[in-house]
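These figures come from a predicted structure and were not determined experimentally. Labels below follow one simple rule: chain letters A, B, ... track the order of the sequence lines, proteins then strands, and each chain is numbered from 1. For the numbers below, each heavy atom of this structure counts, side chains included, while hydrogens, waters and symmetry mates do not.
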2 protein chains.
Amino acid sequence: MGKKPVLNMADLAERAGVSMASVSRALSGAPGVSEATRTRIRTLAQDLSYTVSPDAARLARGSNGRIAVVTPDVAHWFYASMLDGIVTALHDSELDVLLYEVQEERERRRFFDELPARRQVDALVLIALPISDDERSRLDLMGVPVVMAGGTLGDHPHVRIDDAAAAHQAAAHLVGVGHERIAMINATGHWTLEYAAPSERLHGFTRALHDAALPLDPELVVTERWGSGGGAEAMSRLLGLSRPPTAVVAFSDEMAFGALRTLRRAALRVPQDMSVVGIDDHSVADMLDLTTVQQPVVEQGRVAGLLVREVVEHGAARSPYVTLPTHVVVRGTTAPPPPAPGALG
Amino acid sequence: MGKKPVLNMADLAERAGVSMASVSRALSGAPGVSEATRTRIRTLAQDLSYTVSPDAARLARGSNGRIAVVTPDVAHWFYASMLDGIVTALHDSELDVLLYEVQEERERRRFFDELPARRQVDALVLIALPISDDERSRLDLMGVPVVMAGGTLGDHPHVRIDDAAAAHQAAAHLVGVGHERIAMINATGHWTLEYAAPSERLHGFTRALHDAALPLDPELVVTERWGSGGGAEAMSRLLGLSRPPTAVVAFSDEMAFGALRTLRRAALRVPQDMSVVGIDDHSVADMLDLTTVQQPVVEQGRVAGLLVREVVEHGAARSPYVTLPTHVVVRGTTAPPPPAPGALG
DNA sequence: ATGCTCTACGTAAGCGCTTGCGTGATGACG
DNA sequence: CGTCATCACGCAAGCGCTTACGTAGAGCAT
């Protein structure tokens with residue numbers, strides 16, 4: 001009857017003819033064992049395929065080895081790429097990742113009320129998740145450092161892009177090829193909480209027009225819900241205008257995709273009749289030949305991963321605020337505007 | 001000096017004027033405390049925002065509350081959708097998810113050698129990860145149940161689609177609209193280990209031709225590496241043939257996208273000059289108007305999540321082998337073949 | 001030899017919980 | 001009014017580790 005199902009440290013110690021203390025030290029790399037003993041124990045552990053129980057170790061030591069990543073949507077291109085960067089950066093560390101998806105309001109509430117990650121992790125990485133003040137104070141209860149990937153959160157470490165600059169680049173590109181009547185398709189969040197990106201990008205857009213001494217026609221700024229459906233809808237509205245634009249900056253590639261769909265259905269040619277530029281450089285943008293402002297998403301995740309490692313390992317990050325650059329990728333959806341009807345040339 | 005940084009159960013018990021045992025029982029829902037006491041303790045815990053330490057609980061109880069999900073690529077559409085289904089299915093359970101990405105060979109080896117998830121989880125979900133026999137025996141060392149999502153693995157519980165049937169449906173659709181010279185673009189894995197899908201899909205394809213009494217021209221089966229690049233390459237080879245096909249079944253939508261790109265660059269019209277059908281119903285397929293065989297990816301993940309819950313909670317799943325249906329989604333990339341050069345009609 | 005410092009190792013006290021078992025109180029029953 | 005379940009609860013023994021502290025022996029200088 002009854003051997004333990006799995007070998008524990010006491011068993012190993014016995015077989016090695018030493019105390020548990022030595023085993024623990026040998027395996028963890030702590031000083032206080034001779035090299036000979038250490039090697040012997042390690043070899044034995046290997047042979048018996050023994051592993052220290054992370055839970056027991058963590059309990060005895062008080063915290064270690066795990067972080068939580070919180071994402072609004074596991075499957076969405078943007079968040080998934082971020083997550084990819086984060087786990088990649090963590091690959092050669094000892095940190096494991098506990099994954100939480102807080103998509104709907106219900107899960108959101110559950111996450112902040114119950115704090116399921118509480119006492120389980122050494123740090124938290126939030127992927128582009130706007131947070132209310134109440135929620136921030138709940139987070140503080142967890143008593144662990146937080147880093148924000150793809151946005152900002154108080155004075156917690158973060159990585160992000162300059163949204164205003166990105167939109168500015170998009171609009172400036174259109175100005176550069178000769179457009180004067182440029183629209184912006186902006187996004188509105190699906191939660192009560194607003195992301196900062198929409199207003200930032202609108203500012204950048206506005207500033208670009210201003211810099212080019214172009215008037216800003218309020219009709220040409222349309223806001224729809226986030227996603228390609230919203231983009232399609234927004235483009236319909238723009239086409240319905242008495243004086244439609246000749247080019248449009250979309251809040252994101254996804255919205256640009258929707259806009260392109262509307263244009264195709266309306267039998268308008270891109271870029272001859274209408275230029276479109278997105279923001280993101282979504283993996284599909286290349287396939288659809290969409291001109292866009294590229295932002296390094298995986299890289300943002302990677303930096304977030306490095307930040308969280310620093311924070312966990314050294315208590316703080318050396319340079320906790322990182323803004324990564326964006327740049328225009330010219331493809332086939334932008335060109336000079338068609339000659340104005342009744343124009344001289 | 002020295003209060004504990006965080007409230008523990010002993011503190012709570014003291015403040016509540018009861019023993020730890022009662023607190024534990026009250027909080028965990030175990031019998032042996034009166035309703036009155038239970039409520040009182042719970043309220044107090046709430047007020048003090050106390051949470052049981054999952055690690056200590058797990059240690060004392062011997063295992064509980066966490067599963068590992070292993071995916072080849074966090075960011076890839078297919079795996080990300082699977083993962084989404086899994087975490088969604090786990091949302092209203094008490095299970096947390098530990099995420100492991102084993103992308104490159106190095107990480108793969110590390111994962112199977114070190115078994116970082118070992119002693120940390122109650123079960124393992126593998127997302128479409130082909131596994132060698134050696135690796136399987138390593139996995140057995142973990143001593144926890146394994147479920148496979150998007151494939152099979154010995155007699156472990158699994159969810160998947162019928163790959164042969166999917167390819168059969170794709171080819172049959174093309175036969176149905178009148179094609180007789182149909183190619184297949186097949187995929188080859190990027191690892192040494194082969195997925196089962198390519199050969200299965202090839203079988204389904206072959207069988208469909210056979211069922212329609214069409215000859216199978218070996219020239220028309222081309223295999224390229226997985227991904228849209230491979231699809232593009234494969235299509236080039238097909239176009240180089242002395243007698244090119246009039247239609248093609250691609251291993252996946254991604255490969256179909258590549259094929260479409262090649263066709264566009266070759267100035268061939270789709271579907272007038274060439275019909276293309278993919279498999280997956282990738283989120284972008286709709287955007288590119290690609291006819292495809294839809295497979296329920298998120299749903300497969302969801303089912304995998306349910307399976308793992310059953311396995312963890314009841315020790316076994318009631319029906320551990322699930323095959324989900326696929327079906328053709330007709331869009332704009334398939335049409336009858338062009339009239340044969342020199343044909344009578 | 002004596003005394004001292006090091007090093008390698010063992011002892012044992014926790015870490016924060018769960019749970020089998022024991023106990024007194026309570027109520028049912030004859 | 002005695003007898004026995006039953007129930008609510010406390011006691012204390014772990015769960016599998018880490019680590020402060022203690023100790024024996026080796027090495028060295030005196």
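When distances are taken from the side chain of B/Ala56 to each of D/dG10, C/dC17, D/dC17, the shortest belongs to C/dC17. Minimum atom distance to the side chain of A/Val52 is reached by D/dC17, of the listed D/dC9, D/dC17, C/dC17. For B/Ala57, counting side-chain heavy atoms from C-beta on, the closest listed nucleotide (D/dG10, C/dG16, C/dC17) is C/dC17.
Residue B/Asp96 holds its CG atom at 10.0 Å from CG of A/Leu99, rounded to the nearest 0.5 Å.
Rounded to an integer number of Å, the gap from CD of B/Gln120 to C1' of D/dG16 is 14 Å. Following rounding to the nearest Å, B/Leu27 (CG) and C/dT18 (P) show an atom-to-atom distance of 8 Å. Atom pair A/Arg118:CZ and C/dG16:P shows a separation of 13 Å (rounding to whole Å applied). The distance between atom CZ of A/Arg61 and atom P of C/dC15, rounded to the nearest whole Å, is 16 Å. Following rounding to the nearest Å, B/Asp55 (CG) and D/dG16 (P) show an atom-to-atom distance of 15 Å. Here the P atom of nucleotide D/dG14 and the CE atom of A/Met9 are 20 Å apart, to the nearest Å. Between the CE atom of A/Met20 and the C1' atom of D/dC17 there is a distance of 5 Å, given to the nearest Å. One interatomic measurement links the two molecules: CZ of A/Arg119 to P of C/dG16, which rounds to 7 Å at whole-angstrom precision.
The base of C/dG16 has none of its N or O atoms less than 3.5 Å from a complementary donor or acceptor on the side chain of B/Arg58.
Under 3.5 Å, the side chains of A/Gln120 and B/Asp55 contain no donor-acceptor pair of N or O atoms. A donor and an acceptor atom, one from each side chain of A/Arg108 and A/Gln103, are nowhere located under 3.5 Å apart.
At least one side-chain nitrogen or oxygen of A/Ser24 sits closer than 4.0 Å to the OP1 or OP2 atom of D/dT18. Side-chain N/O atoms of A/Ser34 include none lying less than 4.0 angstrom from OP1 or OP2 on C/dT7. Applying the 4.0 Å criterion to OP1 and OP2 of C/dA8, one finds that A/Thr37 has every side-chain N and O outside that range. Dashed line: the shortest gap from a side-chain N or O of B/Ser19 to OP1 or OP2 of D/dG10 is under 4.0 Å. Between B/Tyr50 and C/dC17 there is a side-chain N or O to OP1 or OP2 distance below 4.0 Å.
Nucleotides of DNA chain D nearest to B/Glu35 and A/Val23 differ in position, and the one nearer the 5' end is that of B/Glu35.
The residue A/Ala21 sits close to a base: some heavy atom pair falls under 4.0 Å. Residue contacts for A/Gly32: at a heavy-atom cut-off of 4.0 Å it reaches a base atom on one of the strands shown.
Counting only heavy atoms from C-beta outward, the side chains of A/Pro54 and B/Arg119 approach each other to under 4.5 Å.
For an aromatic pair to be called close, the ring centres must be under 6.0 Å apart, and A/Trp226 with A/His76 satisfies this.
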